[in-house]
Number of protein chains: 2
Amino acid sequence: MAVIVTTDYGAAMSSASVQFRTLKAFRAEFDFSSEAICSRILERHRGTIRTQKPHVAVARLVRIIQTTLALSNRQGFHSMSLRELATASGLSMGALYTYFDSKDTLLMMILDEVWSAVSATLGNPPETLAEDPVRRLRWLLETHVYLTETMQPWFLFAYMEAKAFPKEGREKARRSELATESLIADALADGVRCGQFSVANIELTAALIKPLLQDWYVKRGKYHRRGVSPEGYVQTVISFVESAILLRTTR
Amino acid sequence: MAVIVTTDYGAAMSSASVQFRTLKAFRAEFDFSSEAICSRILERHRGTIRTQKPHVAVARLVRIIQTTLALSNRQGFHSMSLRELATASGLSMGALYTYFDSKDTLLMMILDEVWSAVSATLGNPPETLAEDPVRRLRWLLETHVYLTETMQPWFLFAYMEAKAFPKEGREKARRSELATESLIADALADGVRCGQFSVANIELTAALIKPLLQDWYVKRGKYHRRGVSPEGYVQTVISFVESAILLRTTR
DNA sequence: GTCTATAATCCGATAGAC
DNA sequence: GTCTATCGGATTATAGAC
């Protein structure tokens, strides 16, 4: 007798599916608004930023960096001139230089916040998930999507400019990327140990899951145009991945 | 009684797996050597290339374009100066301008060949696969991997510089990308019609398969470092995808 | 056909007025 | 603190010698 086993991962997108955390819940837990990030930048670079009043400095930083991300993500950071940045952000060339001492410093200001955000979120999974690889993997995937949704221009910037980093930055980028893959690989390995996953090559599988997460912020327009919500994407990816690795039993 | 169904897609990487086409077979069918591509470039740009002897022109083009790809993929096309290109390729600034009339023309020379290669290969699936969606999907995935393996620097270049295209180029890039996704979506739709696939959202699934294919040439070092061969990657991706969408029966 | 030398422009960064 | 004006250097592209 033949037992039909459908792999209808799309079903996870229906209302009958498992309930995941929402983007709203993520944002209630973490504040990654431009203002919050830019005040962290101000703290980190108090030495080089010459403006004294914090609220003025933060407001200017928000304008400068939002404009930088917008222009760079359209044409590349290197081909964005500081003249363009000045006029588009409504400041003068001279004013820009009270917030950074070189174009490379502006680059690193942005990148440092991206890596810091990754380790602040993905690096701290709830302890309650330590013994539950399936839910920990789900938590990793959803947290990654929600984080990159909230800071989309920042992550796209880091992804596209990665190759042009001034050497020390390139090394940091590689380590950050490998750290994320390791977190995924650890969850996979734990799942195999618990008898919940069936994965032949753990490293390679983790390496394949990564581009699924990156596509959300790299090709964001593609999904936005098709009306895919962050929550919908999370469920699609989780179902796609689980259908490939979950050890299933039929009744 | 419980019937265990493992989704051991990694098994496809063992010697007992289905036999796919090899990279060698692909290269026997299509000639995408630098020389072959550059003679097509010469034909296409006879108007602007001032060198008369074809074999001299092709040899120079190969040097110019290979150097352009190497430098651009490390630091970005825009930040590669024509002086750098001249010294690295062993030509003078003036000599470069006998092969293109502006830096943007050099950009478009490369991009046109990438898109032309995509439609010449993926656009012509064997007729024998018209009625076999499963094998047609496999053919699409493996052909994509083998093509991008053969022209890796070209595809990486097109991927990274896509955002900076001089407007008309950006539109072509979008159309080429959508065309590839449509080919995948068509195979998925046919498979659903034949009762071989179970896919809830065909467009979204095709959109998710794309980054799996792109990762092969975008993050090539990652896989090379881990000793993954093109054939191994093909089998991994095919198994990963099929385990997610195949309607399976157990004995 | 290829080279050297140079034109015209634009870049990042700074000095000094206010 | 911000602006205007400007510096030295690098860029794309071209002209003219060979």
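The model shown is predicted, which means the values in this text are computed figures rather than measured ones. Below, chains carry the letters A, B, ... as their sequence lines are ordered, and counting in each starts from 1.
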Completion exercise
To the nearest angstrom, the CG-P distance between A:D101 and C:dA15 comes to 13 Å
Handout entry: Heavy-atom side-chain contact between A:Y217 and A:E149 under 4.5 Å
Key = no
Exercise for the section: Check whether any side-chain N or O of B:K103 sits under 3.5 Å from a backbone N or O of B:F77 as a donor-acceptor pair, and report yes or no. Expected result: yes
Exercise for the section: Check the distance between C:dC11's C1' and B:H78's NE2 and give it to me in whole angstrom. Expected result: 10 Å
Exercise for the section: Starting at atom CG of B:L82, determine the distance to atom P of C:dC10, rounded to an integer number of angstrom. Expected result: 16 Å
Practice task
With heavy atoms under 4.0 Å as the rule, sort A:R83 into base, sugar-phosphate or nothing.
Solution key: base
Exercise for the section: Measure from OH on B:Y97 to P on C:dT6 and round the result to the nearest Å. Expected result: 19 Å
Fill in the blank from the handout: Comparing A:L96 with B:D104, nearest DNA chain D nucleotide closer to 5' gives the residue A:L96
Practice task
In whole angstrom, give the distance that lies between atom CZ of A:F100 and atom P of C:dA13.
Solution key: 8 Å
Practice task
Give the first and the last nucleotide of DNA chain D, reading 5' to 3', that has any atom under 4.0 Å from a heavy atom of chain B.
Solution key: D:dT11 to D:dT14
Practice task
State the CG-CZ distance between A:L69 and A:F155, to the nearest 0.5 angstrom.
Solution key: 12.0 Å
Exercise for the section: Could you list the residues that satisfy salt bridge (charged side-chain N to carboxylate O under 4.0 Å, His left out) with A:R44, not counting sequence neighbours? Expected result: A:E113
Practice task
Give A:S92 one of three labels, base, sugar-phosphate or nothing, depending on what nucleic acid heavy atoms sit under 4.0 Å from its own.
Solution key: base
Problem - Any donor-acceptor N/O pair, A:S176 side chain to A:A173 backbone, under 3.5 Å - result: no
Practice task
Output the residues of residues 52-63 of chain B in contact with DNA chain C, where contact means a heavy atom of the residue under 4.0 Å from an atom of the strand; sort by number or write none.
Solution key: B:Q52, B:K53, B:R60
Handout entry: Spacing of A:L96 atom CG and A:L85 atom CG [to the nearest 0.5 Å]
Key = 5.0 Å
Exercise for the section: May I ask you to decide if A:G94's main-chain N or O and A:T98's side chain share a donor-acceptor pair within less than 3.5 Å? Expected result: no
Practice task
Please confirm whether the backbone N or O of B:L42 pairs with a side-chain atom of B:Y99, one donor and one acceptor, at under 3.5 Å?
Solution key: no
Exercise for the section: Kindly state whether the ring of A:F240 and the ring of B:F240 have centres lying under 6.0 angstrom apart. Expected result: yes
Handout entry: A:E84 CD - C:dC11 P separation (whole Å)
Key = 7 Å
Exercise for the section: Please tell me which of B:Y99 and A:G94 maps to the more 5' nucleotide of DNA chain C, matching each residue to the nucleotide holding its nearest heavy atom. Expected result: B:Y99
